[in-house]
Amino acid sequence: MSRWLRRTDAGRTPRLEFGADYNPEQWPRETWTRDVELMRDAGVTIVTVGVFSWARLQPAPDVWDLGWLDDVLDLLHENGIAVDLATATASPPPWMHHRHPEILAVDADGRTLWPGGRQHHRPTSPVFRRYALDLVEKMARRYGEHPALAAWHVSNELGCHDVHDHSPDAEHAFRIWLRERYGDLAALNHAWGTAFWSQHYGDWAEIRTPRRTGPGTHPNPTQQLDFARFSSDALLSHLRAERDLLRSLTPDVPVTTNFMVMGETSGMDYASWAPEIDIVSNDHYVHPGPSARDELSFSANLTGGLAGGAPWWLMEHSTSAVNWQPVNRAKRPGELARDSLTHLAHGADAICYFQWRQSAAGAEKFHSAMLPHAGSDSALFRAVRDLGATLRELAPVAGAHRVPARAAILWDWPSWWAAEQPFTPTAELRYKAEALGWYRAFLDTGVRADVVPAGSELTGYELVVAPVLHVLPAERAAELAAFAEGGGHLVTTYFSGIVDENAHAVLGGYPGALRELLGVRVEEFAPLDPGATVLLDDGSTGDLWSEPVRVVGDDVEVLAGYTGGGSDPGAADLTGVPAVTRRAIGAGGSATYVSTRLADRAPLLRRLLDAAGIVPELPGELCGRVELIRREGFRFLVNRTDTPVELAPLGEIESLAGLPTTTLPPRAVTVLRD
Ligand code: GAL
């Protein structure tokens, strides 16, 4: 992942890319000319072309029509606009499912997912794969040398609509995947715990994907976890197939595919995808609500973590309203620039949207774009143009890596999948919400934290939070222990360390694989009724979960205990029982355990940061109101609030691009040199 766009490589003047998905096939040719004029006016430097063009490029199995795309690429190139060229395999054309209904995906009820929308194919269909690779080859041979070509864009949002396919092709591929993972059926039977409920398999052919079972029951939990892993891997296998072909034909052109690190999108384990492509790119859409801004920052931060701290590419976000919420509101003044610049701050060197020109027809005609239905004489287009100008002036930021924080939050897709399975102590647990809660606590305290995939190198971090790290193989647990023994401060929560990679409970008491390190032991979980709370004797409250924690190790300090003042009448009486503990370990390290879901994690985090000697990098008056993000040589300040923030506590400052220096208006961002 060391490459950037081909045409701007080597010795380039640093520049930030700005652009969008461009879908000229939706418009007459006259519009294309106007498009590029306005793109230049807006400062657009790159567009993604061809994402949903398959039906136009190959109108029938033996008919190709690429001439119009030649013209589009030439026109863009003549106007100095680079192209991120899609392989165009994102959604198969009607002739394919008409001739080959066997490419259609199947849901967990065995129902066919019919065409009419997009991405209705089976990721494992050999028929789909063959046609897709034919198209990729056609594109690579035709455009590999085109001077506009800056990168290949494999498919589009792989798994957006078809990640969990239960078709016969998926079952066949699942069995192959399982054979590779387990080697023989004895190993699989052990891993899946098939002694339970008479599930022992005697033949690979008996194994199915975890389809819907009868009311009141669910498929085997390890089968579910493996199916989640397999489904992510099946998409990755498609990504690899396209990438390998592209690399063999056009070795100098970097390859990307747009991830969906956002909201509750959980199907793809991007930690395993990121090393497979040349440039990490991500799509992010805001889900409205009180956490929306912080969630955007979290996702951008995690994308930076996937890119290993190197620059990445924001492939899509929205200039204003989306069309897929129950109610789709326009962004408020300042939000367009704030959202884009927050991604930039977290490492994006390309800021792109869906899409350039708002569609007049089709499912997304009410989704915002850079150029809205209202045309260029609109507040939205002016805001886009202003941002383009700002990005030109912020060019020196391009290429800067992120400055590692002293603290980190670990993120783990298998734990997300397993902790939210059915048949757990509570159906209310939400993995992302717990991680985001800790992230918000860091933002509230004014201390930066990197969000990094679990299993990342922890050297350099002084405090690491591992929220609901539910699936914890023994080697990973040993790495966390080594981190604390080496002087690091580990913080973890309820339902962490509970199962191994096969989703088997670690025996001997909870929290399983972390029990000894934390020096506590729990015999039974004590989840709370929805809406009920528990009070802790440090004044904090928790909900969702509680536990009768018993201290069993040496050097364990109780940081907070449960009081009898909770609001769940049926809950166990935990009066006087430890709720939050901290064990001193080795050379100044520690391991903290939080056995409930704290409503506000910031007070505890402040204590833990103090104990670790980690102080905010912002003056106290700004902590909580402003998010500080650092790339080498630059500091970004984002106003998290809807009120102006005075920057006087920073003293005399100079900003780039004429951004604010004295008062940070609501939702505004400023950029300073270090
Ligand atoms: C993405 C997709 C785009 C567009 C956008 C709308 O999922 O890649 O094609 O549909 O969402 O928000």
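Ligands are counted one by one from 1 in listed order, and the atoms in each one are counted from 1 as well.
Salt-bridge check for Asp107 with Arg111: passed, with a basic side-chain N closer than 4.0 Å to an acidic carboxylate O. With salt bridges taken as basic N to acidic carboxylate O contacts below 4.0 Å, none links Arg56 and Asp65. For Arg15 and Asp349, the salt-bridge test fails: no basic side-chain N is under 4.0 Å from an acidic carboxylate O.
Taking the side chain as every heavy atom from C-beta outward, Arg640 and Arg667 never approach each other to under 4.5 Å.
Every atom of ligand 1 with a heavy atom of Arg118 under 4.0 Å away is listed here by number and element: 2 (C), 3 (C), 4 (C), 7 (O), 9 (O), 10 (O).
When each of Leu302, Val280, Asp283 is paired with Val261, the side chain to side chain contact (heavy atoms under 4.5 Å, CB included) condition holds for Leu302 and for no other. Paired with Arg293 under the rule side chain to side chain contact (heavy atoms under 4.5 Å, CB included), one option of Val286, Asn639, Leu443 passes, and it is Leu443.
Counting only heavy atoms of the protein, atom 12 (O) of ligand 1 lies nearest to His367 NE2, 2.7 Å. Summary of contacts: the protein heavy atom closest to atom 5 (C) of ligand 1 is Tyr285 OH, 3.4 Å. From the protein, the heavy atom lying nearest to atom 2 (C) of ligand 1 is Glu316 OE1, 3.3 Å.
Residue contacts with ligand 1 for Asn323 are absent, since no atom lies close enough (heavy atoms, distance under 4.0 Å).
Looking at Asp21 next to ligand 1, no N or O pair under 3.5 Å apart turns up.
The heavy atom nearest to atom 7 (O) of ligand 1, out of those in His161, Glu157, Glu364, is found in Glu157.
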